Amino acid sequence: MDIAWLLLLLPLAASIAILLHLHRKPDMAIFASVGSAALCFVVALGVAWGKVPEPASLTWISFPATTMSPDFTIDLGMIFDPLSKGMLLVVTGVGLLIHIYSIGYMAHDPSKGRFFGGLSIFMFSMTGIVLATNLIMLFFFWEGVGLSSYLLIGFWYSKESAAAAANKAFVCNRLADFGFMIGILTFWLLMGTVSVRSVDLAESYSSSSLPQVQSILTQAEMAVHHAPAILVRHTGGIATSPYLLTFMVLGLFCGCVGKSAMVPFHVWLPDAMEGPTPVSALIHAATMVAAGVYMLCRIYPLLLLSPAGMFIIAIIGCFTAIFAALIAVQQNDIKRILAYSTLSQLGYMVMAVGCGGPDAAMFHLTTHAFFKALLFLAAGSVIHALHEEQDIWRMGGLVKKIPLTFWTFAIGMLALIGCPPFAGFFSKDYVLSVAYAYHPGFYWVGVITAFLTAFYMTRLMVVTFWGSARTPAAEHPHESPPIMTVPLVILAVLSVIGGWSIAGFGIQDHFHQWTTTLPGNVPIPEANFFLGKIVPIAVVILGVGSAYLLYWGRNSDPLNINVLAQKFYIDEIYDRSLVGGTTLTASVFSWLDRWILEGVIIRGMAYLSVGVGEMLKLFQTGSLQAYAFLFSLGGALLIYFTLFTH
C-alpha cells in the first residue's frame with residue numbers, strides 16, 4: 001500500500017518523458033515504457049496478494065465539490081477490493097506481455113518511440129479507471145483511454161483509413177460518453193455523492209434489505225404523484241420514481257455502450273483494426289473494451305434498483321452477441337474477424353451483468369483477456385510473416401511453416417469457442433448458466449452464438465493455415481522472433497489453465513469473492529447437466545464440423561452472404577442518414593449564411609447605406625447658390641404645409 005501510487009505515477013511519468021523528449025530516442029523510449037509496465041505489474045502483484053484490508057483505499061485529496069453543498073466532497077485516491085485487484089492484474093499482466101511483443105512487432109517502424117508513448121498513456125488511463133474511487137475520477141480516466149485509443153488507432157496517420165478510423169472511434173465514444181455524463185449527474189442528484197465506495201453501500205443495499213428499498217421506492221412513487229418534489233429522501237437510503245432510477249441506470253450504461261462497443265455504437269471497433277496489431281490486442285481485445293463491463297460490475301448495486309434497466313442491458317448484450325457473430329461469419333480480414341468476435345464476447349459479458357451475474361461477467365472478462373490477446377498477437381505474427389497481408393483468402397499452407405504461431409493460435413481458438421478443458425469453456429458455460437437462470441430465451445441465443453463462434457473460428461483456421469499457399473508471400477513465410485513468440489506461449493498457457501485452475505477452487509465461489517461488495521450478487525446455480533454441459537459441447541462440435549466440411553480445400557468462400565459481408569449495411573445507413581444528414585444540414589446553413597444572412601441582410605444593408613450615401617452626395621455640391629436655392633425651397637414648402645394643409 002505504501003508504494004501503490006506507483007501504479008499511476010510510473011506510466012504517467014514514462015508517457016510524459018517519451019512524448020516530450022524520448023520519442024527521438026526509440027531505445028530509451030522502449031526501456032521507459034516497458035520498464036514502467038513491468039514495475040506496475042510487480043506492484044499489482046504486491047497489492048493483490050499482500051496483506052491489505054478489504055476493501056481498502058488510499059485518499060490523496062478530499063475537497064468540497066461546491067460551496068452550495070459543503071458536505072459533498074470528492075476524494076481523489078485509489079480503491080482496493082477483490083474486484084479492482086483482480087482487474088488490475090489483468091490490465092497490468094496482459095499489458096506487459098503486449099508491451100514486450102510490441103518491441104519485435106514495431107522494430108522497424110521509424111516512429112516506434114511515439115508508439116510506446118501512446119501505450120504508456122493508455123496504461124496510465126486504464127489503471128486509473130480500475131482504481132478510481134469515484135465516478136468523476138473514473139470519467140477523467142475514461143476520457144484518457146479515449147484519447148490514447150485515438151492516438152494509437154491513428155498511429156499511422158498518413159494512412160487515410162487509419163485517420164478516419166481514429167476519428168470514428170473518437171466521435172462514437174464521445175457521443176456515448178455524453179449519456180454517461182448525464183447518468184453520473186443523475187446519480188449525484190439521487191445519491192448526493194459520486195463515490196463508488198458509496199455505491200457499494202453494503203449496509204443500505206444489501207440483498208436482505210432490497211425488499212425494504214423496493215417498498216420505499218413504491219412509497220416514493222406515490223408521494224411523487226401527490227407532491228411537486230421529484231426527489232424523496234429517506235434515512236435508510238435514496239428513493240425516487242422508478243422511471244428516474246431507470247433513466248440513471250441507462251445513462252450510466254451509455255458509457256459501457258460506447259467503450260465496450262455495444263449496438264448501435266459497435267461500428268468503431270472493427271475499423272479500429274487499422275492501427276498496429278499490438279493496439280488491437282491491448283485496447284480492443286484485452287482491456288479498453290472491457291472497461292465498460294468492469295464499470296457495470298462496479299456500479300452493480302445501482303443496477304439492482306432498476307429491474308427494467310437490467311432487462312434492457314441484458315437485451316442489448318444478447319443482441320450484440322449474436323449480431324456480431326453473424327457478421328464474423330463472412331469477414332475475410334483476419335483482424336476484423338477477431339474484432340467482431342470481441343464484440344460478440346463482450347455481448348456475452350454485458351448480458352451476464354443484465355441477467356444478474358456480474359461475477360460470471362468478470363470471469364469471462366478475465367479468460368477472454370487471455371485468449372483474445374493471444375489470438376490478436378498470433379494474428380499479428382501471421383501478418384508479420386506474410387509481409388502485412390491480412391486477407392485470409394491470400395494465405396494458406398502455414399501450418400508447417402510457422403508452427404509456433406499456428407499452435408498458439410489454435411489454443412486461442414479452442415479457448416474462444418469454449419472447447420473443454422480450455423479457459424473459455426468454463427467462463428462461457430457460467431455465462432450461459434446465468435442466462436438460463438434469468439430467462440431461457442437468453443440461454444438459447446447464447447447457445448446459437450456459441451455455434452456461430454465455433455463456425456467462423458474454424459473457417460478462419462482452415463482457410464488461413466491449411467490447404468496450399470495462395471500467394472507468393474504464403475510460400476515462404478518466416479516465424480516471428482522470440483521477443484514476439486514468448487508472449488504468445490505465456491498467453492497460450494494462461495488460455496489453457498486459466499479456466500480449470502479457477503474451477504478447481506470453485507468457479508462461483510472464487511469469482512463471487514471478486515464481487516463480495518456487490519449487494520444482491522449471489523452465486524447462480526448451474527443449469528442441469530444436459531443444458532449446462534452437453535448442449536454447449538454439442539454446438540461447438542457441430543460448428544467445427546460444419547465449417548470444416550464446408551471450407552476444407554476451398555480457395556474461395558462458398559457462402560457469399562452479401563448482407564453479412566456488408567455488416568448488415570449499418571455503416572452505409574449511418575453514412576447516408578447521420579453523415580449525409582449532417583452534410584445536408586451544413587450545406588443548407590451554408591447557403592442561408594451566404595445568400596440570406598450575408599447576401600440579403602448584411603450586403604443588402606451595406607448596399608442600402610451606399611445608395612443613400614450616393615443620393616445624399618447629390619445635394620452636397622459645394623455651391624453656395626445651390627445651398628441658398630435649396631434652403632429657400634425648403635422654407636417655402638414649410639410655409640405652404642403650415643398655412644394650407646390644416
Side-chain angles (χ1 to χ4, degrees), residues 314-315 317-331 337-338 340-352 354-355 357 360-361 363-364 367-368 371-372 375 409-463 495-496 498-500 503 507 524-552 557-559 561 564:
I315 285 288
C318 183
F319 180 76
T320 300
I322 192 168
F323 179 82
L326 285 169
I327 295 176
V329 168
Q330 285 289 275
Q331 299 305 302
I337 295 172
L338 297 178
Y340 280 106
S341 172
T342 298
L343 285 173
S344 183
Q345 298 304 306
L346 289 168
Y348 265 126
M349 300 174 206
V350 172
M351 179 180 69
C355 291
F363 185 13
H364 197 52
T367 59
H368 179 263
F371 58 72
K372 187 52 64 70
L375 286 168
F409 195 101
I411 290 172
M413 173 260 189
L414 291 172
L416 172 60
I417 66 177
C419 177
F422 297 92
F425 168 73
F426 298 98
S427 59
K428 182 201 69 178
D429 281 7
Y430 192 19
V431 170
L432 291 177
S433 294
V434 169
Y436 185 80
Y438 187 76
H439 191 281
F442 290 101
Y443 168 84
W444 288 111
V445 173
V447 167
I448 296 172
T449 302
F451 164 78
L452 293 172
T453 303
F455 181 89
Y456 66 69
M457 287 305 299
T458 304
R459 169 183 180 265
L460 172 59
M461 287 290 296
V462 169
V463 174
S495 299
V496 173
W500 60 262
I507 300 174
I524 304 295
E526 293 189 13
N528 61 60
F529 183 78
F530 178 75
L531 295 177
K533 295 293 185 290
I534 300 300
V535 171
I537 294 175
V539 296
V540 167
I541 295 174
L542 183 61
V544 171
S546 57
Y548 176 83
L549 293 174
L550 191 60
Y551 287 98
W552 184 264
D557 198 324
L559 290 182
I561 305 174
L564 300 183

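One is the number of the first residue; the rest follow in order along the sequence. Given the structure is predicted, the values throughout are model-derived calculations rather than measurements.
Residues Phe425 and Asp429 have side chains in contact (heavy-atom distance under 4.5 Å, counting atoms from C-beta outward). Between Ile322 and Ile448, the closest side-chain pair of non-hydrogen atoms falls below 4.5 Å. The side-chain heavy atoms of Thr458 and Tyr551, taken from C-beta on, include no pair separated by under 4.5 Å. By the 4.5 Å heavy-atom criterion applied to side chains, Arg459 and Ile337 are counted as neighbours. For the pair Lys428 and Val431, the minimum side-chain heavy-atom distance is 4.5 Å or more. Tyr348 has its side chain within reach of Leu432: a pair of non-hydrogen atoms, C-beta onward, lies under 4.5 Å apart. Between Ile411 and Phe371, every side-chain heavy-atom pair lies at or beyond the 4.5 Å cut-off.
Taking every heavy atom of both residues into account, Ala415 and Ser495 meet most closely at CB-O, 4.0 Å. Across all non-hydrogen atoms, the minimal contact from Ala423 to Gly498 is CB-C, 4.1 Å. Across every non-hydrogen atom of Cys318 and Val445, the tightest pair is SG-CG1, 3.2 Å.
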Under 3.5 Å, which donor-acceptor pairs link side chains of residues 536-549 to any protein atom two or more places apart or in another chain?
{"residue": "Ser546", "atom": "OG", "partner": "Leu542", "partner atom": "O", "Å": "2.9"}
{"residue": "Ser546", "atom": "OG", "partner": "Gly543", "partner atom": "O", "Å": "3.1"}

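Taking CD from Gln331 and CG from Leu460, the interatomic distance works out to 12.0 Å, rounded to the nearest 0.5 Å. Here OH of Tyr443 is found 13.5 Å from SG of Cys355. Values are rounded to the nearest 0.5 Å. From Gln330, atom CD reaches atom CG of Leu559 across 5.0 Å, with rounding to the nearest 0.5 Å. Rounding to the nearest 0.5 Å places CG of Leu416 at 5.0 Å from CE of Met457. Between the CE atom of Met461 and the CG atom of Leu414 there is a distance of 7.5 Å, given to the nearest 0.5 Å. For the atom pair Trp444 CH2 and Leu531 CG, the distance stands at 5.5 Å (nearest 0.5 Å).
Without hydrogens or angle criteria, Ser344 side chain to Tyr340 main chain gives no donor-acceptor distance under 3.5 Å.
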| field | Audit row: Leu343, Phe323, side-chain contact (heavy atoms from CB on, under 4.5 Å) steps and yes/no | value | CA-CA 9 Å; Leu343 285 173; Phe323 179 82; over 6 Å; no

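When each of Lys372, His364, His368 is checked for a side-chain hydrogen bond (donor to acceptor under 3.5 Å, both in side chains) with Gln345, only His364 meets the rule.
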